[in-house]
Structure formats: C-alpha cells, structure tokens
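Have a look at the structure below, then the notes.
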4 protein chains.
Amino acid sequence: MPANTSSLSTVEPATRPRRADARQNADALVEAATALFAEAGVDVPARVIAVRAGVGVGTLYRHFPLRSDLISAVFRRELDACVAAAAPLAAAYPPGEALDRWIMRYTRFVAAKRGLAGALHSGDPAYEPLAAYFSTHLTPTLAGLLAAARESGDIAQDVDAGEFLGAVADLCHGVRPDGAASGRAERMVGLLLAGLRSAEGDG
Amino acid sequence: MPANTSSLSTVEPATRPRRADARQNADALVEAATALFAEAGVDVPARVIAVRAGVGVGTLYRHFPLRSDLISAVFRRELDACVAAAAPLAAAYPPGEALDRWIMRYTRFVAAKRGLAGALHSGDPAYEPLAAYFSTHLTPTLAGLLAAARESGDIAQDVDAGEFLGAVADLCHGVRPDGAASGRAERMVGLLLAGLRSAEGDG
Amino acid sequence: MPANTSSLSTVEPATRPRRADARQNADALVEAATALFAEAGVDVPARVIAVRAGVGVGTLYRHFPLRSDLISAVFRRELDACVAAAAPLAAAYPPGEALDRWIMRYTRFVAAKRGLAGALHSGDPAYEPLAAYFSTHLTPTLAGLLAAARESGDIAQDVDAGEFLGAVADLCHGVRPDGAASGRAERMVGLLLAGLRSAEGDG
Amino acid sequence: MPANTSSLSTVEPATRPRRADARQNADALVEAATALFAEAGVDVPARVIAVRAGVGVGTLYRHFPLRSDLISAVFRRELDACVAAAAPLAAAYPPGEALDRWIMRYTRFVAAKRGLAGALHSGDPAYEPLAAYFSTHLTPTLAGLLAAARESGDIAQDVDAGEFLGAVADLCHGVRPDGAASGRAERMVGLLLAGLRSAEGDG
DNA sequence: AATGAATGAGGGTTCATTCAT
DNA sequence: TATGAATGAACCCTCATTCAT
C-alpha cells in the first residue's frame, strides 16, 4: 500500500499509481478474451489471449490464475446485467410476457457469447465455477419469473428453471460471431416458450 | 491381426483376402470409434482409437485420412437407420404421433452419440461432410413428417426441418455417456414439440 | 510500512530511520528464508520468501541481489555460532572428545539446514561465496581441533579438515526437515569419527 | 509384430526392421542421458537430452514415458554389474577385504555417475523406482558382504546396509565429471570402512 | 527505499500426422 | 497394406528478474 496521504484535493486520478496500469491490463485481458472467445471459442490458448491483450502470459496468469477466473470475468458482468433485467421486466409486463422478454434477452446474450454453452457443458472442471454462478444467480431469477407466470396462468407447463436455461444455452450453440444462425436460435427458443404455454405436455 | 501368411495358389483370392482384411480393419476402427466417441467424446486421440481397434495409427489414417471421415463413418450407419425408421412410423401412426415418435427416436440417437452435436457445430470444416449428410438425408425425412403433420392439422407451427434437427441435436449436447441429463434432453425436446402443436407463435 | 513523512530538518536521523527499516526488512527476509529453506529446501521461489517476510520481491532483490547472498546470510550466523562453539569445547574436554562433540554439533547444524549440502556442491557459481566462507571460517576451526587430537594421540588418522567438513555435510544430504534420516546421518558421521580414531588407514 | 517367418538362417541382423531403428534411438537416448547426467546432473531438460541424442522429444517420451524410466535405464546396467561383482570378490578374498573392494568399486561407480546421489535423495517421486532398485538389489548384496565380514570378525561394527550405501553415495555427491574431488570421496569412504573395522562405536 | 506488476524464457507433456520398413 | 516409430509444433504453467511508480 504505497501511501497516498498527500494533498488529496485532487478528484481521483492521482490515486493508485501502478494499480491503474494493472487494472488496465486486467481489463485489456478481459476484453481480448471476450473477443477471442467469440471468434474462436473458449478454448483459445492463453498465449493468444495475452498477445491480443498486449501483455505477457505471466500477466494473464497473475490476474487470472485459473482459466475459469478469466471465463468468469468475461461473462459475469453481462450475466449480472441479465439478472438485473428481470425485476424491471416483471414490474412492467404481465408475467407471461415478462418471462418471454427476459428469456429472449437471455437468448441474445448467450448467442452473442459463443462458447458459453460449450463451456457450461464441457465437463472440464475449470468451468464449474461458471456453472455454479448460473445455478446461484440465473436459475433463481428464472425460477421467479416462471412461478409468477404459472400463478397467473400464463404458462401451463411446469419446467425446471435450470434445465430451461441450459436448454436455451444449448440452442445458441451454433450461433457464429457474425450472428449467423442467430435467427434460428431465437426461433427455436420461441418454440420452447410456446411449448411452455401450451396445455398439453410432451407427446 | 491381419495375417496373410499363405502362399495362396488361388487365382483371384490373393487380392480379395487382403481386401477383406482391410475391410475388417475399417470396421474395427468404426466400432472402436463408436465406442470411444460415446465414452470420451469425438475428441478422443487418434492413437487411442487405433489401439482400441487393434490396428496401428497408420491404418487408421489410411482408411480415414480425415478425421471427419471417421466421424461420418461412425454416424452414417445409425443415421441411415434413423431415416429408415420414418416410413414405418408414418404408416403406423397418425402424422402428429409419427412425428413425435420419430423425433424422440432421433433424440435418443443423438443423445447416445456424445459429441455429435458438438461436431456438427464445431465450425471445423472437417465436419462439413457430416453436416451435409444431415441436410441430404435427415432433413428431407423430417420435412416429410412435418408436412404431413401440418396437413393433418396435428401441428400448427411451421418450422424448418433442418433447424429443428439442429435444435434437437443441441439440446442433447450435455448428455453424458452414462445417460445423465438424458431426461433433461427429452423433456426439452418435448417442449419443442408442444410448441409445434400450439396455435400461437413465439411471443 | 516504510513511512518517511517528515520534512527532515534533523541533521542525520533522517537517514538512520530509513536504515532501520531496511535492516528490519533484511532481517525479516533472512528469517523467512531460514524457515523456508528448512521447510522446502534452498530452491524455494523468491516470491515465496518475500511473501513470508511480508515484503515485496523487489525488496528481496534489493537486499540480496544474488540468491547466494541470501543463502549466505541465512547460514552465516549459525555458521559463526558453530565456529564459536569450538573454543569452549576445546577448553572443557580432552582433544578427542572435543573433536567428537564439535563434529556432532556441526552435524546437527547441517542436518537442520536442508539444502546446505546441496548448495555447497551444486556447482552453481552463485554459491561459491558460501563455500569460501566454509574455507575461511569452519575449516580452520576444525583443523585446530584435529591437530590437537592428533597431538594428544586421540586420533590416528590424518585428514584434511575441509574434506571432512564436506563429507559430513554430504552425509546430511538426505535429512528431511521433519528430522527423518537424521539418525542415519549421525550414525554415519560416528563411523567417520571412529575411522579417524582407528590405527589403520583405508583398505 | 511385423512377421519374420522367413529363411532365418541368417545369424541375427536381418531381424527387426524398424525395431532396429527404434532400438538405436533408445540406445542413443540412454547414451545422451548418461553423458548429460554426468555433465549437468539428472535434472537436465528432456529436450536437451533429445537433441543430444539426435531425436525429437516425442521419441524420448515414447521410449521413456516417465523420467524415472530413463534414469533407470541409465543406471540399471551398471548397477547390475556392481551387484554381479560381489560374488567373485567374496570368493576370491577374505570377507573384510571383499567388503572393502566391493565398496570401493561401488564408490567409483557412484562417483562416476554424477547426480545419482542427488536423484536418490531428491524426494522427487520420479526417482522412487531407482531407490527401490537400490533396496531390492544393492542392499541385499552389501548386506551379505557385511554379514560375512562380521562373522569372520573382520569388522566390529554393525551397520545397516541400506544406510551405508546411501552414505557412500552421499560422499560421492560433490564429485565432478572431470573426476575432481574423486580422491576425496574415496578417502572419506575409506574412513567409513575404517570406522567399521574399529572396535569402538561413535563417540 | 519499497512495492508488486510485468515480462518472457524455459521446461514438461501431448498428439496429429508422416513415412520407412 | 499394415505398422508404429518419429517428429515437432503447440499448450500449459512457473519463476527469476526488472522497473515504473
């Protein structure tokens, strides 16, 4: 902790000397990883990410000792935004529509993050923290929306929130960074939602 | 053990036996690959497959110069069986039920083939022939079933057969060789089918 | 926490305090290194030592630019204590017993310093200063004890003091921090001493 | 197993087509490793060994999947020769002298194999097989010689064969490939042997 | 003087693919 | 034709060491 007991009438900038650089590097890494995950999947080599971020491999490992740390950093923020979007939707729309809208928002997010679905199902223990994050954050969010929609009678089917999230993620699996196949994903998710509303169960 | 120890005074056979051996090796490789894809995914090392088949790696490459060739060989047979199952079902059941039953059969097949979905969407050009096989064989089959079901009014939604097949494959993505998550896949496919039957489109 | 918040109107002190801090850090580093060398050997990473000492790596390198500097600092103190123990022993016991007791004290010291022997013989030029320290301090000490014991007739063999010290150090090579194999080392050193007393030379 | 059912009136040479190459590589690797272990210690990088042997790293790993496999290959032969030397010595000399001669032979062997002692005490599990080999082969050999010498009264002290072997190995620790310090090792081992013959235990 | 972030060489290991036999 | 040995690129990860703050 390099002291900083000085004048401090300064607004903010003067603080954290080296720290700022470090943060910038971490950000650059997340950014590079985000782009590369989208371009080439989550399995892109660490060195490639480092180079793209303009730092050495060592720096990558300093900031993200575990590969899952980087994955998390890449997805967490948007995942949080996704969670946060639920309440406003629930307040503004009837349960059924709130559900639809939220799922579509989630769909677009996952579709934009190529490799997310793959990481979730890879079985590689490195990605477990990410899966756990889903369980603890996204699943309860969807569960709430589903419960409300059931109560209101907007949906007839009962479905497990975790399963449903996973299914949507899977349906986004083939979406390319250029957005190709994105329409397909949304159409199929729409079918899933329609199935939820329908009175009859599966055949 | 491709033995070939005789001086074989026969006229033609001298060639045939060898061919037979080659065929046997190819079969052994397909069988080994089938088992290993299910056990460990499509990414299992070539050497492992060769060892399991009881042949050298060189032999594997001779028969399947491209990895996708082996993949195709592995799936083709069952894919064909799947296609062949459509006609009997269409003859025995009303269009809607035939569709449901066929999709469920396809679901179980894909779920059993760990890695199939991954291969289809990997983006690796090596797997394109496999995707092409889907387009030329499975898609028309499903298209037929879908058309019949629409005509009979069993399903209300219109859907692209290729997209639907891909969606089902994706939903099987997380299924493990031990069958774990298999229930999930079937439930989600059921939802998809229910969506097909429902009168309203997506929200 | 190297504070230095004064405008230092004082004449000299302004320098001293800093020195004191520096000294404290150096001491902390030596202490940390001592503990870690014993726990994990001399090859423990620099960063680990720095962390244990509660300072940054940079500080470690400032005080001990060469790894051997730290090694030396770690062992020097105890080496000095070892040297200092010779005189009292020589005064209190007959030459032969003084020799035995001193060697055993040295043995226990080396055995407790895992990695010392390794460092001495590593061949890495970085450790030469340490070897030099042995030559200039310990060797003469033992030489004195040996000479006295020969004169008194307590030992029959002639032996080079430096060689003998090295041999004892080597015999402690396998001793673990938990003391395992320590008995072995002492038994073998005992044999060496017995060999010294025996009338006949080697076979 | 490439058949080899042919004429075979040949002496030996024609056999093992590729196998010969493979064997040559394995030999080259052992030779390179032997040299490099002596020059730079057992910790030389695998890649360096491979280059020196004129093969790719992959080849090294093919022949010696575990580092300990290579170590073993390097030392085993001479270790065996050492063991084999015991019987003739025991037959040709009185127990005490046989012991001395065998130990000196062993000393010269270990001294010539720089890094052997280090490997034995490294604690690295990779070297355990080597240590085990010592226990099962060399230790019993020495135990026999020691027992005979005790019975004949040639030695007075009792000593654990394993400990003694370890001690001798340790004493060879500092010997350089150029033979420097070799005299020292032999002198110290001589002292150890003298200690064995002496009537009194350690002080 | 202290800090700790950054660097990047370096070592281990795997595996797709080629090719001599 | 089958074999499996050889190759070497590619990855992962660790650490000694430097240097801006």
Side-chain angles (χ1 to χ4, degrees), chain A residues 1-4 14 16-26 43-48 50-51 54-63 65-67, chain B residues 1-4 15 17-19 21-22 25 43-48 50-51 54-63 65-67, chain C residues 1-4 15 17-23 25-26 43-48 50-51 54-63 65-67, chain D residues 1-3 16-26 43-48 50-51 54-63 65-67 126:
Chain A
M1 291 118 194
N4 189 264
R16 313 281 133 145
R18 193 69 240 240
R19 232 54 166 236
D21 278 31
R23 187 55 196 247
Q24 265 176 42
N25 280 337
D43 289 327
V44 50
R47 195 154 344 204
V48 173
V51 166
V55 304
V57 244
T59 303
L60 185 159
Y61 280 96
R62 161 178 287 274
H63 290 289
L66 270 31
R67 172 163 269 264
Chain B
M1 294 114 194
N4 188 266
T15 303
R18 184 122 273 175
R19 278 273 158 56
D21 272 26
N25 282 338
D43 289 328
V44 59
R47 177 139 4 166
V48 173
V51 166
V55 305
V57 249
T59 305
L60 184 157
Y61 279 92
R62 162 175 294 275
H63 289 290
L66 269 32
R67 169 163 271 261
Chain C
M1 297 101 202
N4 187 265
T15 302
R18 183 120 272 175
R19 277 272 159 58
D21 272 27
R23 187 56 196 244
N25 280 338
D43 289 328
V44 58
R47 177 137 6 162
V48 173
V51 166
V55 305
V57 252
T59 304
L60 185 159
Y61 279 92
R62 162 175 294 275
H63 288 289
L66 269 33
R67 169 164 271 261
Chain D
M1 288 122 194
R16 313 281 132 147
R18 190 76 246 233
R19 231 52 165 236
D21 279 32
R23 188 55 195 250
Q24 264 176 44
N25 279 338
D43 289 327
V44 293
R47 206 163 327 218
V48 172
V51 166
V55 304
V57 247
T59 304
L60 186 158
Y61 279 95
R62 161 178 288 273
H63 289 289
L66 270 30
R67 170 162 270 262

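Chain letters run A, B, ... following the sequence lines, proteins first, then strands; residues in each count from 1.
In this structure, the nucleotide among F:dA16, E:dG12, F:dA6 sitting nearest to the side chain of D:Y61 is E:dG12. Here E:dA6 is the nucleotide among E:dG12, E:dA6, F:dC11 with the atom lying nearest to any side-chain atom of A:H63. For B:N25, counting side-chain heavy atoms from C-beta on, the closest listed nucleotide (F:dC15, F:dA2, E:dA5) is F:dA2.
Atoms CG and NE2, from A:N25 and A:H63 in turn, are 5.0 Å apart once rounded to the nearest 0.5 Å. Within the model, atoms CZ of C:R47 and CG of C:L60 stand 11.0 Å from one another, a figure rounded to the nearest 0.5 Å.
Atom pair C:R67:CZ and F:dT17:P shows a separation of 8 Å (rounding to whole Å applied). Going from atom CG of D:L60 over to atom P of F:dG8 covers 14 Å, rounded to whole Å. Distance CZ (A:R62) to P (E:dG4): 9 Å, rounded to an integer number of Å. If you take CG of A:D43 and P of E:dC15, they are 14 Å apart, rounded to a whole angstrom. Whole-Å rounding puts the A:Q24 CD to F:dT21 C1' distance at 14 Å.
Residue contacts for D:V55: at a heavy-atom cut-off of 4.0 Å it reaches the sugar-phosphate backbone alone, with no base atom in range.
Across the interface with DNA chain F, nearest-nucleotide mapping of C:A46 and B:G56 shows B:G56 to be the residue nearer the 5′ end. Nearest-nucleotide positions on DNA chain E place C:T59 closer to the 5' end than the other of C:T59 and B:V57.
If you check distances only, the side chain of D:R47 never reaches the base of E:dG10 with a donor-acceptor pair under 3.5 Å.
Pair assignment for F:dA20 gives E:dT3, based on Watson-Crick or G-U wobble hydrogen-bonding distances that are each under 3.5 Å.
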